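Quick notes on the structure that follows.
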2 protein chains.
Amino acid sequence: MTRAPYHHGNLREALVEAGVEVVRDGGPEALSLRELARRVGVSHAAAYRHFADREALVDAVAERAMHALLAVVHDRLAQVDEVDPVIRARRRLVQIGVGYVDFALTEPGLFRLLFTAYPEPPEGKDPDGEDPYSMLNAALDELVAVGYLDPRDRPGADVTCWSAVHGFSVLNVEGPLRGMAEPDRDAALTGLLLGIDRGLGRRGEWPALSR
Amino acid sequence: MTRAPYHHGNLREALVEAGVEVVRDGGPEALSLRELARRVGVSHAAAYRHFADREALVDAVAERAMHALLAVVHDRLAQVDEVDPVIRARRRLVQIGVGYVDFALTEPGLFRLLFTAYPEPPEGKDPDGEDPYSMLNAALDELVAVGYLDPRDRPGADVTCWSAVHGFSVLNVEGPLRGMAEPDRDAALTGLLLGIDRGLGRRGEWPALSR
DNA sequence: GGCAGAATGTGACCGCTGTCAACATCGTCT
DNA sequence: AGACGATGTTGACAGCGGTCACATTCTGCC
């Protein structure tokens with residue numbers, strides 16, 4: 001029978017996975033080097049063979065969280081089967097927002113970690129070329145291409161959209177709006193997203209989106 | 001000559017003030033019970049005569065931060081001297097946003113503390129009747145009263161506005177958008193606020209705000 | 001096959017933190 | 001005067017991140 005070997009074999013990976021688990025229920029503040037080492041069944045100093053410091057470990061876990069967020073947004077985006085190019089582009093933008101908020105609400109711990117990993121923000125640095133911010137920008141470019149968004153309004157539109165959706169998420173996850181009843185929250189989110197959609201369109205030239 | 005007396009005399013107050021100072025340059029994570037006791041020149045356990053635990057102290061400091069935010073927003077609001085009722089109402093809404101973001105950028109430590117004081121959010125619970133959220137709601141009601149905002153769009157408008165402005169603040173203070181050049185940031189904020197203004201108005205019935 | 005050296009894990013230690021309990025001092029009320 | 005409650009002190013504890021010297025195991029080279 002094989003007793004616990006001296007060398008773990010895959011410690012780095014195991015630590016990060018444990019980290020994801022811990023952050024999931026407990027949030028970023030529950031992420032302790034020693035706690036993870038304990039879970040993995042290894043001495044706390046062993047972690048330092050794989051991470052320079054706690055921060056590095058947090059970053060690694062944040063990267064996982066980032067990919068999870070990406071997956072959710074990507075999935076929502078793929079569900080848009082509208083054919084009319086204008087409606088399609090608008091729907092895609094809305095779905096990015098829905099996915100983003102959905103991730104924040106269903107994985108509050110991971111979401112909070114994403115924006116707590118302080119020194120270097122994980123957002124928008126994914127070398128795979130695909131990250132939420134790029135997807136947002138692509139969606140906005142598409143809106144310009146199909147003629148819905150005035151090119152003069154294009155600069156800054158990304159920040160506006162991101163701010164609104166991110167703010168909504170934060171306020172609902174860790175802010176004063178948490179504890180909001182789900183129907184109210186859904187209604188508020190719909191209002192927010194349709195408000196953005198309306199705010200982006202050339203003034204009054206387009207019919208409202210039905211949701 | 002009076003040597004340091006055994007009893008401080010005003011410890012609670014002194015601790016909170018030191019707390020504000022510490023959070024100002026150092027953020028919420030620099031807020032340590034022992035550090036504050038050291039600053040005030042008192043033993044580390046003395047704080048427990050005035051605060052149940054660290055959390056209580058943080059809440060007290062957060063309350064100060066809340067009042068500071070309030071003051072900034074209030075000030076901005078008072079600067080609107082427009083007479084045309086519609087323009088005035090729209091300008092007032094914009095100024096709430098400007099003040100909110102201004103506070104976040106000039107006092108990032110205090111701002112972050114406000115939304116880090118986890119268990120009980122300080123926002124919207126001020127018994128003085130005046131808090132940023134109430135002011136926002138009043139401004140929106142005014143927009144309805146003057147006929148700019150469709151009453152059917154009123155529900156949810158508060159959350160939308162707050163989300164956008166708060167999200168912008170968070171992304172710029174502790175998120176991926178920090179380090180943005182100031183002119184770009186200003187432009188983005190203007191775009192955001194005018195976008196909100198536009199999104200709220202009955203479709204295409206009103207001319208754009210000049211800023 | 002065997003051995004040197006690199007990788008990896010351990011245990012002891014440091015200073016920091018929040019928290020608590022026992023004790024000291026002071027102001028105040030009877 | 002004396003007692004009592006409020007306030008501050010001292011010393012302890014456990015948990016944290018971080019570093020060190022040391023132990024163990026794996027790997028590549030002869």
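Keep in mind the model is a prediction, meaning the values are calculated, not measured. The figures that follow rest on heavy atoms only: side chains count, while hydrogens, waters and symmetry mates do not. Within every chain, numbering begins at 1; the chains are lettered A, B, ... in the order of the sequence lines, protein sequences first and strands thereafter.
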Worksheet entry | SB check B:Arg91 B:Glu142 (cutoff 4.0 Å) |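 No.
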If I take atom [atom1] in residue [X] and atom [atom2] in nucleotide [N], what distance separates them, rounded to the nearest angstrom?
{"X": "B:Phe51", "N": "D:dG8", "atom1": "CZ", "atom2": "C1'", "result": "15 Å"}
{"X": "A:Arg49", "N": "C:dG9", "atom1": "CZ", "atom2": "C1'", "result": "7 Å"}
{"X": "A:Glu29", "N": "D:dG15", "atom1": "CD", "atom2": "C1'", "result": "16 Å"}
{"X": "A:Arg12", "N": "C:dG9", "atom1": "CZ", "atom2": "C1'", "result": "17 Å"}
{"X": "B:Tyr48", "N": "C:dA21", "atom1": "OH", "atom2": "P", "result": "12 Å"}

Could you pull out all donor-acceptor pairs under 3.5 Å where a side-chain atom in residues 14-26 of chain B meets a protein atom, sequence neighbours excluded?
residue: B:Arg24; atom: NE; partner: B:Glu107; partner atom: OE1; Å: 3.3
residue: B:Arg24; atom: NE; partner: B:Glu107; partner atom: OE2; Å: 2.9
residue: B:Arg24; atom: NH2; partner: B:Glu107; partner atom: OE2; Å: 3.0

Worksheet item: Which nucleotide sits closest to the side chain of B:Leu33: D:dG8, C:dG18, D:dC16?
Response: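 So the side chain of B:Leu33 is nearest to C:dG18.
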Item to complete: For B:Asn137 and B:Ser134, test the side chains for any donor-to-acceptor distance below 3.5 angstrom and give the result as yes or no.
Response: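 Their side chains do not contain a donor-acceptor pair, so the 3.5 Å distance test is not met.
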Discussion item. Once you apply a heavy-atom cut-off of 4.0 Å, does B:Arg54 come out as touching a base, just sugar-phosphate, or nothing?
Written reply: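 Sugar-phosphate only.
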Worksheet entry | Side chains of B:His166 and B:Tyr100 in contact at under 4.5 Å (non-hydrogen atoms) |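 Yes, side chains in contact.
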Worksheet item: Is there a residue in residues 34-46 of chain B whose heavy atoms reach under 4.0 Å of DNA chain D, and which residues are they?
Response: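 Within residues 34-46 of chain B, the residues near DNA chain D are B:Arg34, B:Val42, B:Ser43, B:His44, B:Ala45, B:Ala46.
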Report all side-chain donor-acceptor pairs from residues 36-53 of chain B shorter than 3.5 Å, counting only partners two or more places apart or in another chain.
residue: B:Arg38; atom: NH1; partner: B:Glu35; partner atom: OE1; Å: 2.8
residue: B:Arg39; atom: NE; partner: B:Glu35; partner atom: OE2; Å: 3.0
residue: B:Asp53; atom: OD1; partner: B:Glu55; partner atom: N; Å: 3.4
residue: B:Asp53; atom: OD1; partner: B:Ala56; partner atom: N; Å: 3.1

Worksheet item: Can you check whether B:His50 has a side-chain N or O nearer than 4.0 Å to OP1 or OP2 of D:dG8?
Response: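 So the side chain of B:His50 is within the cut-off, an N or O lying under 4.0 Å from OP1 or OP2 of D:dG8.
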Worksheet item: Taking only side-chain nitrogens and oxygens of A:Ser32, does any of them come within less than 4.0 Å of OP1 or OP2 of D:dG15?
Response: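 It does not, given that no N or O in the side chain of A:Ser32 lies less than 4.0 Å from OP1 or OP2 of D:dG15.
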Fill in: Check against salt bridge (Lys or Arg N to Asp or Glu O under 4.0 Å), B:Glu82 and B:Arg90
CA-CA 10 Å; B:Glu82 174 69 39; B:Arg90 292 165 68 190; over 6 Å; no
